[in-house]
Amino acid sequence: MNRATSRHQLQNLLKFTVKICDITFNKILGTGFVVSRQGKIVTCAHVVRKASETGKVAEGLEVGVYFPKATNPESKKLIATVAACFQDYDDDVVLLQLENSYLADGIEVAILGTAEESAGHPFQSFGYRRLENYLGLPAKGVIVNFAERPFNSELQAEPVMLSSQNIDGGMSGAAVLDIERDLVVGIVAQTWDSAGRMSDRDTNFAVDCLVLTFEPMHLDFQAMSSERRSFLPPPNLPAMTPGSSGSNNLDNAPPPLEEWVGRKDFLNDLDGDWLDPDTSIVGLIGFGGEGKSSITRRWLDELRQNPELPQPKGIFWWAFYEQPRVDEFFEAALKFVLPEIDPLALRSPNLKAQVILSMLRSDRYLFVLDGIEILQHQDGDDYGLFTNPDLR
């Protein structure tokens, strides 16, 4: 048996980036990214304009959207229509809506912010530019700062200047992920043609995601001044205050062993992981019967009896072999972190997950997900990934 730790991981660009195509899927027009589980996608207006017979962008215009990371082959090619666009302004962005209004397994949603506090930060992106036989490539660079609005355009927000050697045609509509704040803060819109000159040869421009909050886009997100992402609860929820200090739910944990010999080094390693502020996840990996659950219970008992170690706000143990249904897990976890809430008030599993996540970020909780491997793919390209998108 061994252990593996996971530090904070950035949003996975590949999981929410899509190809924007014509409706026959014979031609790639550009790039886009998913911004809601209800099937909303952001891309550039000039990308969608390529699919218009009139050369204009209007609500209802259809395009093809290809999801490379959809686990179901039948969900890779879908049709979307323009749901919102700026008719009176030149901000180069549109909001698309999938016809079926839901996301396939394997697809994630970008977490958004504005570029207001991103000047000087490094960024990552991914888009469908071509490099000889390669199509679909990453990009990296620096978010330089805001530029003044060009004199020949009517923009609602100042353009964001990027410095990158990797942005080229086909990346229009790609997400700009600020890797210090872990927020998508812009939409790649333009690369500057320096005509071979050294000056400004790596200059590119993006649209600030701020415009996505404007009418008629109306995307709902909070621009955060810190790196921590937030969840804004619906107005009909009670105030979100965590459960009482020291509350634990160990109903699903195995009973403590009466006798214990050895494994002190392993337990000390777990103490070190618990004290490491950058370690969010520890995985105990081994064959069945090697004692993963027993050693976890032993470590928890020693943790609770050790006044020199910081104590968790609460400990929640869930045994997936005995209770494999994800909806039951979400309901129990929600009641644990927010006892006063009625789980029926949140019918969406994704919304339950977001509330739980928000509460876990509010204090130091410890969750034990015993037997989680039964909800992971056991083979193929998705080996190890969770089968449930909301749990993921």
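The structure displayed is predicted, hence computed values, not measured ones. Sequential numbering from 1 along the given sequence is applied to the chain's residues.
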Do [X] and [Y] land in one hydrophobic cluster if side-chain heavy atoms of ILVMFWY residues count as linked below 4.5 Å?
X      : Y      : result
Ile107 : Leu385 : no
Ile372 : Ile356 : yes
Val368 : Val282 : yes
Leu137 : Leu177 : no
Leu14  : Leu131 : no

Smallest separation among heavy atoms of [X] and [Y], with atom names:
X      : Y      : value
Asn26  : Asp22  : N-OD1, 3.0 Å
Phe33  : Ala110 : CD1-CB, 4.0 Å
Phe205 : Ala147 : CE2-CB, 4.1 Å

Spatial distance of atom [atom1] ([X]) from atom [atom2] ([Y]) [nearest 0.5 Å]:
X      : Y      : atom1 : atom2 : value
Glu328 : Glu322 : CD    : CD    : 12.0 Å
Leu96  : Ile20  : CG    : CD1   : 5.5 Å
Met171 : Thr17  : CE    : OG1   : 8.5 Å

Below 4.5 Å, heavy atoms only, C-beta onward: do [X] and [Y] meet side chain to side chain?
X      : Y      : answer
Pro159 : Pro150 : yes
His121 : Val142 : no
Glu180 : Pro122 : yes
Phe214 : Val93  : no
Ile111 : Asp182 : no
Val188 : Asn204 : no
Lys50  : Val63  : no
Ser293 : Trp317 : yes

* **Arg298 and Glu302 ion-paired at < 4.0 Å** => yes
Using a 4.5 Å side-chain heavy-atom cut-off and chaining through intermediate ILVMFWY residues, the residues clustered with Phe25 come out as Ile23, Tyr66, Ile79
Excluding Leu155, membership of its hydrophobic cluster (Ile, Leu, Val, Met, Phe, Trp, Tyr; side-chain heavy atoms within less than 4.5 Å) reads none
Exercise for review: Sequence neighbours left out, what pairs pass side chain to side chain donor-acceptor pair (under 3.5 Å) with at least one residue falling in residues 143-172?
Suggested key: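 Listed by first then second residue: His46-Ser172, Asp91-Gln156.
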- Message: Between Thr279 and Asp273, do the side chains contain a donor N or O and an acceptor N or O under 3.5 Å apart?
- Response: no
Can you see whether Asp202 engages Trp192 through a side-chain donor-acceptor pair at a distance of less than 3.5 angstrom? no
- Message: Ring centroids only, cut at 6.0 angstrom: are Tyr365 and Phe316 within range, meaning strictly under it?
- Response: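 Ring centroids of Tyr365 and Phe316 are no less than 6.0 Å from each other.
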- Task: Check whether more than 12 heavy atoms from other residues, nucleotides or ligands sit under 6.0 Å from atom CD of Gln378, and answer yes or no.
- Result: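 Yes, because the 6.0 Å sphere around CD of Gln378 holds more than 12 heavy atoms from other groups.
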Residues passing the side chain to side chain contact (heavy atoms under 4.5 Å, CB included) test with Lys40, sequence neighbours excluded, are Val35, Ser36, Leu95, Gln97, Leu219
Residue set satisfying side chain to side chain contact (heavy atoms under 4.5 Å, CB included) with Arg364, at least two apart, ordered chain then number -> Trp274, Pro310
Original post:
Counting only N and O atoms by type, is there a donor-acceptor contact under 3.5 Å from the side chain of Asn249 to the main-chain atoms of Asp251?
Top reply: yes
Just to verify, what does Asp327 make a salt bridge (Lys or Arg N to Asp or Glu O under 4.0 Å) with, not counting sequence neighbours?
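Partners of Asp327 by the salt bridge (Lys or Arg N to Asp or Glu O under 4.0 Å) criterion, ordered by chain and then number, come out as Arg325.
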